[in-house]
Structures are given as structure tokens and as C-alpha cells.
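Start at 1 with the first residue, then count along the sequence.
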Amino acid sequence: MAHYRETESEPRVYGYTRTASAVLAHLICGVFTVFIAVLSRPGTSWFSWHPFFMTMAFSFFMTEAILLFSPHGSPIKKFSHKTKGRVHWLLQCLCVCCAVLGLAAISYNKHLNGKPHFTSWHGLLGLVTVCAVGLQSLAAMPLIYHSLAKGWSLAKLKRYHAASGLVTFVLGSASLLLGLCSAWFTASVSEYIWYLSALCPALGALVIMNQVSTSYMAKKRLQS
């Protein structure tokens with residue numbers, strides 16, 4: 001009887017842990033986005049729009065778009081999967097818009113100052129990430145409008161979308177981390193604040209990776 005109670009309580013413990021992780025991810029993406037917005041003071045220069053829009057894109061909109069499907073931390077958990085899918089795609093569109101605006105801001109700023117474009121790892125990875133998130137949003141159209149998925153299995157499309165979306169999110173998190181290594185950010189914060197800031201995209205990525213991988217493994221168990 002004691003063994004039965006112990007095994008019965010395990011899923012409940014896991015549920016509490018995943019709920020806490022989802023809540024932490026919501027908190028992290030919100031606090032980090034507000035912190036970068038305050039630090040960059042958007043509107044004070046062309047460059048100031050770059051960290052603001054990029055953080056909005058990959059720390060806020062993209063994170064929240066994925067967390068919509070979390071069974072433990074979705075803010076619209078009681079809504080239908082179809083509704084979640086449409087809200088997810090809307091948030092991803094906002095993510096793409098912010099990413100393009102952030103890329104345009106830094107490109108124009110470099111043009112004004114006569115500096116070369118995409119010469120750092122941060123710049124190159126950022127460009128790749130913006131292109132990837134745009135393609136990811138376009139590729140999701142058949143999942144919303146099923147008539148576009150001619151000759152394709154929706155189940156396979158969902159798996160490919162989840163896998164490519166996770167890769168794109170990791171690219172976005174890595175780009176944010178590289179951005180924290182820039183001269184602008186390191187000169188603006190103390191060493192302790194830098195480490196705390198670096199933890200935000202890292203922890204957010206871990207939570208999202210766990211959510212996507214757990215969801216995928218659960219579906220595989222149901223199919224087996």
C-alpha cells in the first residue's frame with residue numbers, strides 16, 4: 001500500500017514542478033523584457049530600438065507563444081486547441097514583426113555610423129534567427145488552413161513544426177545571450193547583473209526545451 005501511494009504521488013509532484021517551471025518562465029520573460037526596455041530606453045537613438053525589439057521578439061512573444069501549449073502553465077489552458085493555435089500564430093507574427101524592426105534598426109544605425117554589417121557572431125546568428133523565425137511562421141500556415149496541407153500528414157507537419165520551432169527558439173535564446181556580451185550591455189551593467197541577465201534566456205530555453213520534448217514523448221507513448 002505504501003508503494004502504491006508513492007507511485008501515485010509521483011505524477012502529482014511532476015505536475016507541481018512543471019507548473020512552477022512554467023510560471024517561472026512567464027516571470028523571467030516578462031522581467032527580462034522590461035529590464036532591457038528600461039536599460040535601452042527605446043527612442044533615444046536608432047540603436048536603442050534594436051535591443052528593445054529583439055528582446056520583445058525572442059524573450060517575450062516567442063516564449064509566450066510556445067507556453068500557450070503548456071498543459072501546466074498556459075494562460076488560456078481552458079480554450080480549444082484550435083484557438084490556442086491561432087493565438088500562437090498571432091504571437092509569432094508579432095515576434096517576426098519585432099525581429100524585422102530590430103534588424104532594420106541596427107542595420108540603419110550601422111549605416112549612419114559607417115560600420116560594417118554582420119561581422120560578429122551575434123550579428124550573423126541574429127540574421128539567421130530572423131530568417132528562420134519568418135520561415136517558421138510561413139510554414140505553419142498549413143496547420144491553420146488545412147487545405148494547404150495537400151499530400152501531407154497533419155501529424156507529421158505538427159512534429160516537424162515543433163522540432164523546427166524548438167531549434168528556432170534555441171537560436172533566438174543564443175542570439176540574446178551573445179547580445180549580452182556586446183560592449184553596450186557589458187558597459188551598462190555590473191558583473192552580477194550580467195550573470196543574472198544571462199540566466200534569463202538560458203533558464204527560459206531549458207523550460208521550453210523540456211515542455212516540447214515532454215509533449216513529444218507523451219504523444220509517442222500514446223501512439224505506441
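Between Phe69 and His81, the ring-plane angle classifies as tilted under the 30° and 60° cut-offs.
Across every non-hydrogen atom of Thr33 and Ser59, the tightest pair is OG1-OG, 3.5 Å. Minimum heavy-atom separation, Pro201 to Leu177: CG-CD2, 3.7 Å. The nearest pair of heavy atoms linking Thr63 to Phe58 is OG1-O, 3.5 Å. When all heavy atoms of Val207 and Ala25 are compared, the pair lying nearest together is CG1-CB, 3.8 Å. Trp194 approaches Cys181 most closely through the heavy-atom pair CZ2-SG, 3.8 Å. Between Ala99 and Ala57, the shortest heavy-atom distance links the atoms N-CB, 3.7 Å.
Side chains of Gln211 and His72: no donor on one and acceptor on the other come within 3.5 Å.
Phe60 and Leu94 end up in the same hydrophobic cluster when Ile, Leu, Val, Met, Phe, Trp and Tyr side chains are linked at under 4.5 Å. There is no path of hydrophobic side-chain contacts, each under 4.5 Å, that joins Ile144 to Leu91. A continuous path of Ile, Leu, Val, Met, Phe, Trp and Tyr side chains, each step under 4.5 Å between heavy atoms, connects Val189 with Tyr195, placing both in one hydrophobic cluster. No chain of hydrophobic side-chain contacts below 4.5 Å, direct or via other Ile, Leu, Val, Met, Phe, Trp or Tyr residues, connects Leu101 to Met54. Both Leu124 and Leu176 are assigned to one and the same hydrophobic cluster, defined by single-linkage of ILVMFWY side chains at heavy-atom distances under 4.5 Å.
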- May I have the step-by-step check of side-chain contact (heavy atoms from CB on, under 4.5 Å) for Ser182 and His122, ending in yes or no? CA-CA 8 Å; Ser182 65; His122 171 62; 5.7 Å; no
- Start with the C-alpha gap between Leu199 and Ile28, add the side-chain angles, then the distance that decides, and say whether side-chain contact (heavy atoms from CB on, under 4.5 Å) holds. CA-CA 9 Å; Leu199 275 176; Ile28 284 175; over 6 Å; no
- Query: After noting the C-alpha distance and the side-chain angles of Leu166 and Met209, does the key distance pass the side-chain contact (heavy atoms from CB on, under 4.5 Å) rule?
  - Reply: CA-CA 7 Å; Leu166 180 58; Met209 289 170 65; 3.7 Å; yes
- Chi angles and distances behind the side-chain contact (heavy atoms from CB on, under 4.5 Å) call for Val128, Phe118: CA-CA 10 Å; Val128 171; Phe118 312 117; over 6 Å; no
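The side-chain tip of Arg86 points at the ring of Tyr145 from less than 6.0 angstrom away and within 45° of straight on.
With a 4.5 Å cut-off on side-chain heavy atoms, His117 and Ser107 count as touching. The side-chain heavy atoms of Pro75 and Leu68, taken from C-beta on, include a pair separated by under 4.5 Å. Taking 4.5 Å as the limit, some side-chain heavy atom of Leu157 sits within range of a side-chain heavy atom of Leu154. Within the 4.5 Å cutoff, side-chain heavy atoms of Ser80 are placed close to those of Thr83.
Here SG of Cys95 is found 11.5 Å from CG of Leu90. Values are rounded to the nearest 0.5 Å. Note that SG of Cys200 is 8.5 Å distant from CZ of Phe35, once rounded to the nearest 0.5 Å. In this structure, Leu180 CG and Thr186 OG1 are separated by 10.0 Å, a value rounded to the nearest 0.5 Å. A distance of 6.0 Å separates OG in Ser197 from CD1 in Ile36, rounded to the nearest 0.5 Å. From Gln136, atom CD reaches atom NE2 of His161 across 4.5 Å, with rounding to the nearest 0.5 Å. Considering CG of Leu138 and CH2 of Trp89, their distance stands at 8.5 Å, rounded to 0.5 Å.
When each of Val133, Thr168, Val87 is tested with Gln92 by the rule side-chain contact (heavy atoms from CB on, under 4.5 Å), just one qualifies, namely Val133. Checking Cys93, Cys97, Cys29, Cys98 one by one against Phe61, the side-chain contact (heavy atoms from CB on, under 4.5 Å) holds for a single residue, Cys98. Each of Phe47, Trp184, Trp49 was scored for a side-chain contact (heavy atoms from CB on, under 4.5 Å) with Ser40, with one residue passing: Trp184.
Panel note: side chain Asn210, backbone Leu206; no donor-acceptor pair is recorded below 3.5 Å. Remark: side-chain polar atoms of His50 are not paired, donor with acceptor, to backbone N or O of Ala105 under 3.5 angstrom. Side-chain N or O atoms of Ser48 include one that pairs as donor or acceptor with a backbone N or O of Gly43 at under 3.5 Å.
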